[in-house]
Structure formats: structure tokens, C-alpha cells
Asker: 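Okay, handing you the structure first.
These values consider heavy atoms only, across backbone and side chains, with no hydrogens, waters or symmetry-generated copies. Residue numbers start from 1 in every chain, and the chains themselves are labelled A, B, ... in the order their sequence lines are given, proteins ahead of strands.
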Amino acid sequence: MNHVIDAQRVTKRFGRRTVLKDVSLQVPAGVVFALLGENGAGKSTLIRSMLGYHRLNAGSISICGLDPAQKPLEIRRQVGYVSDAPSLYEWMTVAQAGWYASGFYADGFLQSYSRLIIEFQLPHDAKIRNLSKGMRAKVALSLAMAFDPALLILDEPTSGLDPLVRRSFLESMIDRAAAGQTVFLSSHQMHEVERVADWVAILHAGQLQIVAPLEDLKSSVSMLDVSLRDPLLALPADFDELEVLQQQQTGRTHHLMVRGLTPKIEAALHQHPNLFEVKSMRPNLEELYLGFTSQEELSNAGTDAKSSTGGQRNSNSSSEVA
Amino acid sequence: MHNEIQLRRPSVWYSLLWKDFQQVKSSLLAVLVGLLSVQLVFLAIALSSSDYRLRNGLLEGLAFVPCLAPILLAVGCSGMLIGQERQSGTWGWASSLPVSWRRALVSKLCITLFATATVALLLCIAPLVLVLMRMLVIENLWQVVGYTTLITFIIMVEVVVYFYLASLLIRETLTALVCAVLAITVGQLLILFLSLLLGLSPSFLERTGLRRESAVWLANWGWTTGVIVAGSVAMVWAYRSRWKRDEMGLRWFSKAAASAELPRASNFSYSSNAAPSQWQMLVRQALNSSWPMRLVVFLLPLLFAWTGGGALNVIVPVVIGFMGLSAFEGDQSQQRIRFLADRGVDPMKLITSRLLVTGLWSVGTIVVLLALVALDPHPEMRPSGEVYIGNLLGAAACTFLLGALAAMCFKKPVIAATVALVTAITAIWIGLALITVLLADQYGRLEYVQPYLERSFGYFWIAAIPTALVLVVAIFSLAKHWVVRQEDRLPLHYAWICFLAWAIPVLSVAGAIVLKLFPEQLSSIVL
């Protein structure tokens, strides 16, 4: 498979603090790939490592077949990047920003930029300093997209955008992916990511928890609510066959996020004498995200389950789920 | 110029040069307008004066102005092209574009060179016209011009290299500028030390058959060139690291910069359990803010203390001016003022706390400096008593307040520093020239009043006190405009205030002369 991004066992430390720990992920071409994670999880560090801004302590990264540390200029010609806090020259007008950036790209940049700022309804003669936060984000996006990059890396791209623009922007990401380009975005907006992302990766405390196509992930994980007749008894043995990602208990009812729930196991649970109510449903992305990042709940689910799931997820990552 | 989207793309070089030129345009204009007005006023006074010595002095001063411009502008360009880019975060975007660090650096250096050369050439027009009209006579003209150009160029290159280097290593522009001055000073002292240590003194070179003057020149400038080359290598390395790895390539300096920009949370932390009062909080924050820069500013003049009392005339006002510039550092550059304004901070308390803390640093600096000079074993190097100290304190108070006013009115620290420097030089030169003209007797001589000014606190009462008063009143009256309304017109206010602060002493002297109060009557009133 042709991978636009191929990161192998990436480790990055700042002083004594390990920000990325043994991260491996592969992103196929022509998909919208969403990187999720809490604040300080290491998303921006991973993105900046992909662009060659950070020297890695261990591991390697290849972007469009190039090593970012060795070929930073070639990477920047092929990758459009919008940082989480894009700082543009405040004294430039919207038109001037595009005109200035066009000097570094091939012909066609200005036409494309011009079309984008009309699409985003940006006033071309307004100074950047007079634009709102959302409008600045639109300018930064226009600049990153105007040269039709093979890979578009967006760090929190929709923060500051109004709902209408956010929706149309995210839909345009789907069009880009359909046209064979790859979009790699980090975001906290779960509902939006869920609508557009083909693949998701969840980064937690510098470690990759999961990398998988979103649909596969959603179909492989289930939310299970079971109520016990006798709460003093343990959960039935059928649960040993499941990979418990998250577990909470309210009174007699256990709320579990599990992987590997087959119709056969579900039927067995329904038949179990100590369980009087068994409900299963497909989780949404937010529930999945919480399931993979809530360490406290995970530890409640039992040390064995945690170690086995963690080990599988870290070592096998994308190929395993794919 | 490019407000409409042009569909023809520029070349890489054109893009870079255009952007860099736009960055330095305001500094270039500030220096050009300031120094051109100095030249014009000098010319006007010289042409209207009948005193031959005064006229000649003014015209020679006018001819010296083009040497000053490249050095001032080199500071401004370094601050705008490196320091300001890093501080505002545009460096991150610029380095994410597909352009090599070499091109980006060469473009910046070209623009710095172009800006300094342009301003120097424009300021050469007036002296050239005077020479052609034979109003200004300079012996060995071409030799003097060649020598001056070479010296100015070498100093300018040294300033550019070290200011670029400091701005690349330290994120805070003002701290970087001060550290660059420190580096240049230490470099020059090192030259002296090394030349003595290695025996490469002028006398050594004389033995090779060179004339005494040539040997001295060669020894000094040879070592300076060595320092420039070493600085250039370090600067290119730092630029490459910053461009390729952005902020994380130079870990140690990133940490130093981070400590200079203390996070807001720590600025507001308080050791006791009781909630601090607004006043305590502001003073604590003022103490924490920019202390590394203030420490460097405090240490810097100590290197000059050995030069004796004479050098203090320049060093003390400049150093204290920098202290003034640091008064609101962080409030502007890190937008802390918005944070404070949103929490309803009292503008008067804010201003007072900032001025109080920087004022204490300034007093400490002056006391240590004067103590060092007073302890000098050579009596001729000591300052000449209380009158000298009084005048010096007066000048220091004015530069301190001018720096603080500039820091308040201009959001970019480097612009504030350049504007304050140009204002101070312009005001001092023009003010002194005008006062001299006003104080000259009917024969155009100064002997009548000069002894009075030198013996008494003349300059202190005439110039320093009214100027300082105007500046203090202005700073406190602008407090609301700055904190609560966050006006964009503060630079305009700055211009008016500076004009008033400069004009009031001049007009008061003129008034005193018209009313025949000066000097006998005035001295009797004042003393």
C-alpha cells in the first residue's frame, strides 16, 4: 500500500520529558486522517516532527517518500501546513499575503488562492491585523491549500471558524480526499471529525492508543450495559473473551466498552442467569475517544485487560486493525 | 501596491526582498526623518548665526550625522527582521514556506545593507552641498571620507552581526538588543586583552616596518574584523538552526528566553495564603517581568566604569533610557495589558508599579556606577562634584521617562527603542543648538552664560526638570488611554508630548531672555 505518512517507532524527548513514545503510524493516500488526543498529548509535536522541525530521539518518519530531516524544502513544497496558531504578517493585506507566498510555489498558486478567498468571503484589501480570528484562520487555510498539496496537515483547523464555514470547509476536505489528496488533521471537534474522517488515531500522553479506519473501529467496538441480579457475584466468564476498553459501574449496572463482541457472545450474555438486562450499541467517536483515553476507568477494568489491550494496540497499530 | 490580487507571481527573491523591505520601512523612515530634521535645524541655525565657531561646529556636526545613521538603522533592522519576526510568531510561518535559510538570510542582510546605505547617502546630500558651496571646508576631504566610511561600515557590520545573533538566540527583542551591546563591549575588551596578551600590540606591528598610526589602526581593526568573522559564523549557525528547527533547535537559549517571559500564572502567584492586593500583585509582576534584561543593563555600564567620569555623560543616560524602555516590556509585547485591563486593573497603580520598579533598578545602577567612579584612584577621572552629578541625574531622569513613554506608545519594542533613541538624539542636538543660540550674547559668544551653566545646576533647572515634569504628567495622563481604551493613536500622542517636553525648556529660556531674567536674575531666583 502506498503510504503518504510512514512513522516508525518515533520517540521525542524535550529534556527529561518524553513527549512522543514509540509512535508508529501509516497514513494511506487519499484519505482524511484525524489525529485525536487531549491537550499536551503530543499531537503538535508529532505534526512538527513530520515537517522536520524536531530532531527525533529515536525512530524515523517518511512523508511522501521523503525524510523531513534531510529534505525539508521538498517536504514543504508538497505539504500544506496550518499550525494551531497561525501567525501571519499583520501589516499585509489578504491579497498581499497570497502574492508574497506565491513567489515560493509553482504557477497557478495565485489563481487558486484568489478562488479560495472568494469562497471564504475574505476581503482581499483588508489588512490581516484588522481581521477576526476566524478570518485569519481562513487566510491561513487558503495559503496552505492554494498550491494543491499532496498532503495537507492541519493542526486544529476549524478553531475560530463559524459553523457554516466549518461545515463547508470539512466537506471540502472530503472532496480533496476523493481527488486523491491526503488530509491529516488534529482536532478536538469529535462530531466534525466523525463526519469527515476515514481514519482516526488516538494519541494519549505521548503514546498512540489506536490507529484504524473509523468504520472498522466503530464496528469492532461496542458499548455494553449489563445489570446484575446479584451484584456480589463476578461478571460471567463470557467477558473473558472480550477486550474491555472501559468499565464503569452504577449500582447493579456495569457500563462497558468492549472489543470483540460477537453475536454468539451477546446471545450467551442474554441467556446468563445473573444478568437481567443486556444492552449493546455502537459507540460514537467521542465515546471511543473517552474509552481509549480514560486511564482511570481502564485501570478499574483490571490490570490484565489493560496490559493485553495496551500491548496489542501499541505494537500492531494500523495494520492490525486494518 | 498589491491590494488587488495580481495573477502574476513574483520571483522568490522579489518576494523575500519586498517583505523584508516592508518590515524595515517604518524604522528607516523614523531614522531618516529624525536625523534629516537634525541636519535641517543645524543648517538653519548655522546660516543664521554670526558666530564663526558656532557655525563651524554646527556644520561639522551636520556632516557627522550620516555616520550615525547606519549604526542606528542597523539596530532597527536587526530588531525588525529577526527579533520582531520571532516575537510575533511570523518566523514560524515564514520558515514553513519552501524557501531555504540561505536565501532568507541573504535577503535580510541585503535589505539591512540597502536601508543603511540609502539613509546614509540621503543624509550625505546636505554635507555634500555645503562642501561644494565651500561653506564647509574639510582638509584631505577624500581621505577623511574614505576613512570615515570604512570605520562606519566596520562598526555597522559588527552591530548587524551581533544584533542578529542576539535576536536569534533570545526571543525578547529588547533583551536581545541589550545582550548584543554587552557582547560587542566584551568583544572589544577582549580584543584589547588578547592583543596585550599575545603581544600583538601596535609596537609589535611597528617592528614590521609600519608607521605608528598604521600599526595602531591595523591592530585595532584587524582584531575587530576577527571578532566580526567569529560573530558571523555563530550568527549563520544560529540562523540555520532556527530556520530549520524553529524554536526547539537551541534548547538552552529557548529556556533562557522562557525565563525572560515568565508565564502569567507565576507572575500572579503569591507565596502567602492570603489573596494579594492589586498593588502587591502589580509590584510583584513588575519585579518578575524582564528582570534578565534589567540585570544585563545593570551590569553593562560596569564594564565602562574604568573609563572614568567623562564616559558617564553618555553611558548613564543611555543605560537609564533602556531601563525606562523595559518599564512596560511584556505588557505590550505579550499583550499582558489586555489581560490586566480585562480584570479591571487600576491604570494609575499599573503605571506607578512599573515606574517604581524600573526606577529603583535605575537608581541602583547610578549609585553603583558613581561609587565605582568615585573610588577611582586617579582624581582626574572622578566626576566634578555635585553639579556634575545633578546634571547627570537630570539627563538620566529625562531618558528614563522618554524610554518609558516610548515603550507605552509603541507596541513593538524595537520600534519603541529606535524611536526613543532618535528622539533623544534629535532633541538633545536641536535643543542644545537652539539654547546655545538663545544664550549667546549679541556678539554670538557663549562665554557670558557658559560658566554659569557649568558652575550651577543650570542645565538641570532649565532642561531636565521641565522636560521630566512634562513626561511624567504625560505618562500618567495617557494611562487610561493605554490601559482602558487601548488606543491606536498613542504614537501620535508620543509625538506631541515629545515636542512639548522639548519645546518647553527652549521656550522658557527664550522667555527668560526676553524678560531679561537671565542669567543674573534667574540665578538669584533659582539659587
Side-chain angles (χ1 to χ4, degrees), chain A residues 12 14-15 45 48-49 51-55 68-69 72-83 85-111 113-115 117-118 123-129 140 143-144 147 149 153, chain B residues 1-26 80-81 84-104 107 240-252 254-255 258 411-412 415 488:
Chain A
K12 176 66 195 167
F14 291 128
T45 305
R48 293 180 69 73
S49 301
L51 294 162
Y53 283 119
H54 298 320
R55 208 186 295 272
L73 283 186
E74 281 78 356
I75 294 282
R76 283 161 209 185
R77 279 193 196 105
Q78 295 190 35
V79 178
Y81 167 58
V82 180
S83 74
S87 298
L88 302 167
Y89 293 99
E90 301 245 309
W91 50 268
M92 283 187 189
T93 63
V94 173
Q96 283 172 333
W99 180 84
Y100 165 66
S102 71
F104 309 111
Y105 295 103
D107 290 333
F109 181 97
L110 272 174
Q111 286 82 350
Y113 178 74
S114 176
R115 186 172 43 75
I117 66 164
I118 292 167
H124 60 78
D125 55 349
K127 290 216 185 270
I128 305 279
R129 75 163 72 94
L143 288 165
F147 64 102
I153 297 180
Chain B
M1 176 186 164
H2 304 288
N3 283 345
E4 292 292 331
I5 294 246
Q6 297 187 350
L7 295 181
R8 196 175 157 197
R9 74 178 184 90
S11 66
V12 175
W13 282 113
Y14 192 86
S15 272
L16 287 170
L17 292 169
W18 172 79
K19 186 267 292 175
D20 288 335
F21 178 72
Q22 298 295 325
Q23 296 263 93
V24 301
K25 208 167 64 177
S26 50
M80 291 308 293
L81 292 174
Q84 187 56 35
E85 282 234 38
R86 292 194 60 229
Q87 204 162 350
S88 65
T90 50
W91 180 274
W93 181 57
S95 63
S96 75
L97 294 168
V99 59
S100 72
W101 64 272
R102 287 184 198 87
R103 286 186 178 192
S107 163
R240 183 174 168 275
S241 300
R242 281 275 179 240
W243 191 263
K244 290 179 87 171
R245 305 268 170 216
D246 200 11
E247 306 300 1
M248 298 297 176
L250 298 150
R251 295 278 307 151
W252 186 86
S254 296
K255 276 184 187 171
K411 285 181 183 163
K412 294 175 183 171
I415 293 276
D488 289 334

Asker: Just so I know, are the side chains of A:Met92 and B:Lys19 near enough to count as touching, which here means a heavy-atom distance under 4.5 Å?
Answerer: yes
Asker: Which bit of A:Leu51 comes within less than 4.5 Å of chain B, counting heavy atoms only: side chain, backbone, both or neither?
Answerer: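 Contact with chain B involves no heavy atom of A:Leu51 at all.
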Asker: Over all heavy atoms of both residues, which pair between A:Pro72 and B:Lys244 is shortest? Give the atoms and the distance, please.
Answerer: CG-CE, 4.3 Å
Asker: Is a side-chain donor or acceptor of B:Arg9 paired with a backbone partner of A:Leu110 at a separation under 3.5 angstrom?
Answerer: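 Absent.
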Asker: Could you tell me which portion of A:Phe109 (side chain, backbone, both or neither) has an atom closer than 4.5 angstrom to a non-hydrogen atom of chain B?
Answerer: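 Nothing of A:Phe109, per the 4.5 Å heavy-atom cut-off to chain B.
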Asker: Need one label for A:Ala144: side chain, backbone, both or neither, based on atoms under 4.5 Å from any heavy atom in chain B.
Answerer: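 Neither part, no heavy atoms under 4.5 Å.
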Asker: Taking A:Arg77, A:Glu74, A:Arg55 one by one, which has the highest count of heavy-atom pairs under 4.5 Å against chain B?
Answerer: A:Arg55
Asker: List for me each residue that meets side chain to side chain donor-acceptor pair (under 3.5 Å) alongside B:Gln23, sequence neighbours excluded, and say none if there are none.
Answerer: A:Trp91, B:Glu85
Asker: Mind checking what makes side-chain contact (heavy atoms from CB on, under 4.5 Å) contact with B:Pro10, not counting sequence neighbours?
Answerer: A:Trp99, A:Ser102, B:Tyr14, B:Ser15
Asker: If I take atom NZ from residue B:Lys411 and atom CD from residue A:Glu90, how far apart are they, to the nearest 0.5 angstrom?
Answerer: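 Taking NZ in B:Lys411 and CD in A:Glu90, the distance rounds to 9.0 Å.
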Asker: Should B:Trp18 and A:Gln96 count as side-chain neighbours, where that means a heavy-atom distance under 4.5 Å?
Answerer: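 Yes, close enough: below the 4.5 Å cut-off.
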Asker: What part of B:Ser88 is in contact with chain A, defined as an atom under 4.5 angstrom from a non-hydrogen atom: side chain, backbone, both or neither?
Answerer: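 For B:Ser88, the contact with chain A is made by the backbone alone.
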Asker: How close do A:Ala101 and B:Leu97 get, counting heavy atoms only, and between which atoms?
Answerer: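 It is CB-CD2, 4.5 Å.
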Asker: Just how far is it from atom OG of B:Ser96 to atom CD1 of A:Ile75, taken to the nearest 0.5 Å?
Answerer: 13.0 Å
Asker: Measure up the A:Tyr89 and B:Trp93 rings against each other and bin them: parallel (under 30°), tilted (30 to 60°), perpendicular (over 60°).
Answerer: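 The arrangement is perpendicular - the two ring planes meet at more than 60°.
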